[in-house]
Enquirer: 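Encoded as structure tokens, here's the structure I'll be asking about.
Bear in mind that the values here come from a model prediction, so they are computed numbers and not experimental data.
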Amino acid sequence: QVQLVESGGGLVQAGGSLRLSCAASGRSSSGYSMGWFRQAPGKERDFVAAINWSDGSTRYADSVKGRFTISRANAKTTVYLQMNSLKPEDTAVYYCAALSRYSSSWYAWATNPRLSDYWGQGTQVTVSS
């Protein structure tokens with residue numbers, strides 16, 4: 001079992017920045033690709049960014065490319081999402097997710113959040129205009 005705990009959400013003005021953190025703990029917590037998804041009220045949970053367990057390669061949703069950066073630290077047990085140039089449409093609950101290193105679903109993960117093995121509890125990000 002792996003536990004994911006997010007932090008760093010809050011209220012920011014448009015154009016501002018926030019950094020989200022996700023700490024993984026538990027058995028084999030370093031053996032996962034890590035990702036961020038977000039869900040706005042009344043909408044589906046959408047992919048934001050992910051970092052591969054093996055080679056550290058990254059993927060981003062088109063809507064955040066050039067503005068958000070995903071990174072990891074602490075022997076792959078902590079993942080960050082640096083969010084710059086925030087827009088009101090970035091407002092959502094942001095969820096950290098983990099995908100087993102043994103999974104063959106790295107490429108499908110972005111379009112199918114249900115492939116995630118574990119989820120965090122979510123952190124609210126609100127961007128005011």
Side-chain angles (χ1 to χ4, degrees):
Q1 192 77 3
V2 173
Q3 295 77 43
L4 303 176
V5 179
E6 302 104 330
S7 60
L11 172 64
V12 65
Q13 288 189 330
S17 298
L18 281 174
R19 189 175 82 153
L20 305 183
S21 300
C22 174
S25 62
R27 185 176 181 182
S28 301
S29 58
S30 62
Y32 292 82
S33 294
M34 302 292 286
W36 290 94
F37 293 78
R38 66 187 182 186
Q39 188 166 19
K43 295 192 176 180
E44 304 254 327
R45 190 169 296 189
D46 291 330
F47 171 75
V48 177
I51 186 163
N52 188 273
W53 171 84
S54 177
D55 59 8
S57 59
T58 57
R59 300 181 68 192
Y60 295 93
D62 288 343
S63 59
V64 306
K65 279 181 183 175
R67 300 189 299 124
F68 291 10
T69 303
I70 189 169
S71 60
R72 63 186 180 182
N74 299 333
K76 305 179 184 178
T77 61
T78 302
V79 64
Y80 303 100
L81 186 68
Q82 178 66 43
M83 305 186 294
N84 298 328
S85 303
L86 282 160
K87 305 175 181 179
E89 50 264 44
D90 294 317
T91 295
V93 177
Y94 283 70
Y95 295 92
C96 178
L99 181 72
S100 172
R101 61 177 167 160
Y102 300 113
S103 173
S104 59
S105 302
W106 165 249
Y107 293 102
W109 194 21
T111 54
N112 192 351
R114 290 190 178 93
L115 291 170
S116 303
D117 291 296
Y118 297 100
W119 289 98
Q121 81 287 354
T123 185
Q124 176 70 47
V125 171
T126 303
V127 184
S128 63
S129 56

Enquirer: Do the side-chain N and O atoms of Asn84 and Ser17 include a donor-acceptor pair separated by under 3.5 angstrom?
Expert: yes
Enquirer: So Arg72 and Thr77, side chain to side chain contact (heavy atoms under 4.5 Å, CB included) or not? Walk me through it.
Expert: CA-CA 7 Å; Arg72 63 186 180 182; Thr77 61; over 6 Å; no
Enquirer: Kindly indicate whether the side chain of Leu81, heavy atoms from C-beta on, has any atom under 4.5 Å from the side chain of Val48.
Expert: yes
Enquirer: Which pair of non-hydrogen atoms, one from Ala24 and one from Leu4, has the smallest distance, and what is that distance?
Expert: CB-CD2, 3.6 Å
Enquirer: Does any donor atom in the side chain of Thr126 or Gln124 lie under 3.5 Å from an acceptor atom in the other side chain?
Expert: yes
Enquirer: Return the minimal non-hydrogen interatomic distance between Thr123 and Leu20, and the atom names on each side.
Expert: CG2-CD2, 4.0 Å
Enquirer: Check Leu99 against Leu115 and note the closest heavy-atom contact, atom names and distance.
Expert: CD1-O, 3.4 Å
Enquirer: If we check side chain to side chain contact (heavy atoms under 4.5 Å, CB included) with Tyr32, which of these qualifies: Tyr118, Trp53, Tyr102?
Expert: Tyr118
Enquirer: Can you tell whether the side chains of Asp62 and Lys65 come within less than 4.0 Å, N to carboxylate O?
Expert: yes
Enquirer: Any side-chain donor paired with an acceptor under 3.5 Å for Tyr94 and Arg38?
Expert: yes
Enquirer: For the atom pair OG (Ser129) and CD (Gln13), what is the distance rounded to the nearest 0.5 Å?
Expert: 9.5 Å
Enquirer: Ignoring hydrogens, what is the shortest heavy-atom contact between Tyr95 and Gly122? Give both atom names and the distance.
Expert: CD2-CA, 3.6 Å
Enquirer: For residues 106-114, tabulate all N or O donor-acceptor pairs below 3.5 Å that involve a side-chain atom, not counting sequence neighbours.
Expert:
unit_1 : atom_1 : unit_2 : atom_2 : d
Trp109 : NE1    : Ser116 : OG     : 2.8
Thr111 : OG1    : Ala108 : O      : 3.1
Asn112 : OD1    : Arg114 : N      : 3.2

Enquirer: Is the shortest side-chain heavy-atom distance between Val5 and Cys22 below 4.5 Å?
Expert: no
Enquirer: Taking C-beta and beyond as the side chain, do Arg101 and Asn52 meet within less than 4.5 Å on heavy atoms?
Expert: no
Enquirer: Does Phe47 form a ring pair (Phe, Tyr, Trp, His ring centres under 6.0 Å) with Phe37? I'd like the steps, not just the answer.
Expert: CA-CA 4 Å; Phe47 171 75; Phe37 293 78; 5.7 Å; yes
Enquirer: Just so I know, are the side chains of Leu86 and Leu18 near enough to count as touching, which here means a heavy-atom distance under 4.5 Å?
Expert: yes
